[in-house]
2 protein chains.
Amino acid sequence: MKKRAPTIKEIAKMLNLSASTVSRALHDSRNISPATIKRVKEVAAELEYEPNQTAMFLQSGKTLTLGVILPHLTEAFFSQAISGIEDFASEHNYNVLMGQSHDDTNREKKIVEAMKNHRVDGLLISIAKNTKDFSHFEALRKYDIPVVFFDCAPETSDIHSVTCKLEAGMNEAVEFLSKKGHTRIAYISGPRDLLANRERMAGYHSSLKLLNIAFNPQYVVHSDLSKESTHYAMQNLLSLKAGPTAVIAFNDYVALDAMQYASKMNIRINKDISFVSFSNLPVYNYMENPPLASVEQFPYRQGQRATELLLEILNTVKGERAQGPFQKIILEPRLFIHTRFS
Amino acid sequence: MKKRAPTIKEIAKMLNLSASTVSRALHDSRNISPATIKRVKEVAAELEYEPNQTAMFLQSGKTLTLGVILPHLTEAFFSQAISGIEDFASEHNYNVLMGQSHDDTNREKKIVEAMKNHRVDGLLISIAKNTKDFSHFEALRKYDIPVVFFDCAPETSDIHSVTCKLEAGMNEAVEFLSKKGHTRIAYISGPRDLLANRERMAGYHSSLKLLNIAFNPQYVVHSDLSKESTHYAMQNLLSLKAGPTAVIAFNDYVALDAMQYASKMNIRINKDISFVSFSNLPVYNYMENPPLASVEQFPYRQGQRATELLLEILNTVKGERAQGPFQKIILEPRLFIHTRFS
DNA sequence: CTGTTAGCGCCTTCAC
DNA sequence: GTGAAGGCGCTAACAG
């Protein structure tokens, strides 16, 4: 009925050895007689001894744990990303602690605190959409906990990050539509000051310029990413005299809401108006009428790559970390075209 | 340039106090003069002191961390479940450590080891589809680490679990189709010996009996859940002389693959053959032709409820845990009917 | 009110 | 080859 996990001491007692000898034996120290090593290991196996990590952590200062903070686990993008993170981390014997900010800065702060207290070795963060104040991340620096941002990162230069070249994604999207003959191309934008949105906007403008299409401000509408807001944005587009013949949406969910609204208004999806989105939901492969194309951002790979970078940083000497160099890894997106019964 | 996190000792030294006084002050012990408390807290705040949890863990034996093990983070069901787990856990100041088994028993074992070494306080597990040997879970008992299984649980009686009454879900599904006039109702089954599958089968049989529909073994086909296997299963159904007019699929992904195959064979989805599935993917709300109906299993709630139960167990005295009573919480599923332009 | 001591489980000197 | 001692950060029991 003894319930506690066995310790090095118990093994020692059973064999009339000292704890340190047992410790060394378990680590195959060369100063221990093979016979002792054998005996120790046998008893350890029998008791199903497992080293208590918390104790080792206390000593070494390393927890072999990475923290992941992201907005929503339920969004396909993030669940794929964290899957990549977990796979890579566990391959390298790291554990993954996770928290979701629900796009709320306060929750984000709390999670950062919790992770700090937990003494994670490093952190992977995709920041909440409305986070403007980054002081809670600054604190991590003091503690020398390295952070790699992915997907959604602050705009300062003194951070590590793995992101996707969204401007290029937008370029591909616009050019794709242009080739299909569209010139009245609208964009349902996300939160205006979000970097990820500004990058898309930049791509939108640069592509129009390149293609010699005049920029029409009426073709840019905004959504706060809620269904209602997207419907309203779509409504605005449909009310124009010369409405768009193609719509690019900030992300898949916005696209789906927009398409839903358009359908309700008897617009034929991808016939009367063609849709293109960002993120490329896996389930598009099963839909009859997904957006014509979607910018794939490879979340699994982003997660993996970010974790790889974080582990590299963890392997550099502590002192050398702080001043950089700061890595900004930028992955190329790719426009996925969904061909259907057409 | 000082980088290590401040400790209680440093605060003590700065104030010429002992470490224990500082510790007590930080905990608002009543035996400490208000003045001291104030001074200590000021210095602590200034240094941005945060207690080192690993140290507290070592002492108390509690890590305030829950482990979650599930097959795939990317499956909508699980990402919703873990979202519920994380939300509930973080409300109660627990951290969540996670690992995905990828439905592989060996990986599952490794993760259990890792979690054990990490000394998580408790574990939430949805077992891998092909796990037959449960010895790795037995080991957790020795360590007195309580486990709550959810969704997919072993069939022994001496465990805690939160699951969904799948037989009832199947009953609803069959009766729904029957009311629509169907009598030739097929079932694309999952792995035969999986409990979750046998429950569905039981429901299938009991409903047919109740409805006085003769059981036709040709209407039950098997899929290992891969796309190819599902396509093959569907092919078998379509080759029957008197083929089914309705198909119930083991889960959403099987349903989508089946529908995809049927479409390719020029079957009109939900006209020539009606489809019903299990799990009710959120994205169905956006599809033109989702299954007619799907059994909603409320993964978020399952996750929440499982976590709640686990925390309750953690609050009982250690000694009292082992012998139970073992809770088996069984949630009612609900058939969601997808009405569309029809 | 506050300081001292001891110990959580482990590893790492240093000593024999 | 092995043992003893000390310490990682913190708290709890025992002294004052």
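The sequence lines fix the lettering, A, B, ..., with proteins before strands; numbering per chain opens at 1.
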Rounded distance in Å - CG (A/L58) to C1' (D/dT11): 13 Å
d(CG, A/L47; P, C/dG9) in whole Å: 14 Å
5'-most by nearest nucleotide on DNA chain C - A/L26 or B/I32: B/I32
Phosphate-side-chain proximity, A/T36 and D/dT2, N/O vs OP1/OP2 below 4.0 Å: yes
Cation-pi geometry met for A/K116 and A/Y143 (6.0 Å, 45°): yes
Shortest side-chain distance from A/N31, nucleotide among D/dG1, D/dG9, C/dT2: D/dG1
Phosphate OP1/OP2 of D/dC8 contacted by B/K9 side-chain N/O (<4.0 Å): yes
Per B/R24 side chain, nearest of listed nucleotides D/dC10, D/dA13, C/dG9: D/dA13
Proximity to the side chain of B/I8 - top-ranked nucleotide from D/dG3, D/dT11, C/dG9: D/dT11
A/H160 and A/K328, any side-chain heavy atoms less than 4.5 Å apart: no
Out of C/dC10, D/dG9, D/dG1, whichever nucleotide has its closest atom nearest the side chain of A/M56: C/dC10
Gap between atoms CZ and C1', on A/F57 and D/dC8 respectively (whole Å): 13 Å
B/Q100 side chain to B/I69 backbone, donor-acceptor under 3.5 Å: no
Listed nucleotide nearest any side-chain atom of B/S18, set D/dG9, C/dG3, C/dC8: C/dG3
Value in whole Å for how far the C1' atom of D/dT11 lies from CG of B/N52: 13 Å
Length of the line joining A/I11:CD1 and C/dC11:P, which is rounded to integer Å: 11 Å
Residue B/S33, side-chain atoms from C-beta onward, closest of D/dG1, D/dC10, C/dT2: C/dT2
Residue-phosphate contact under 4.0 Å: A/S23 side-chain N/O, C/dC11 OP1/OP2: yes
Atom-to-atom span, NZ of B/K62 to P of D/dA12 - whole angstrom: 15 Å
Donor-acceptor under 3.5 Å (A/T156 side chain, A/D158 main chain): no
Which nucleotide in D/dT11, D/dC8, D/dC10 has an atom nearest any side-chain atom of A/Q59: D/dC8
Ring centre gap for A/F137 and A/F149 strictly below 6.0 Å: yes
Atom-to-atom span, CD of B/Q53 to P of D/dC8 - whole angstrom: 20 Å
Which nucleotide in D/dG3, C/dT2, D/dT2 has an atom nearest any side-chain atom of A/S20: D/dG3
Atom-to-atom span, CZ of B/R30 to C1' of D/dA12 - whole angstrom: 16 Å
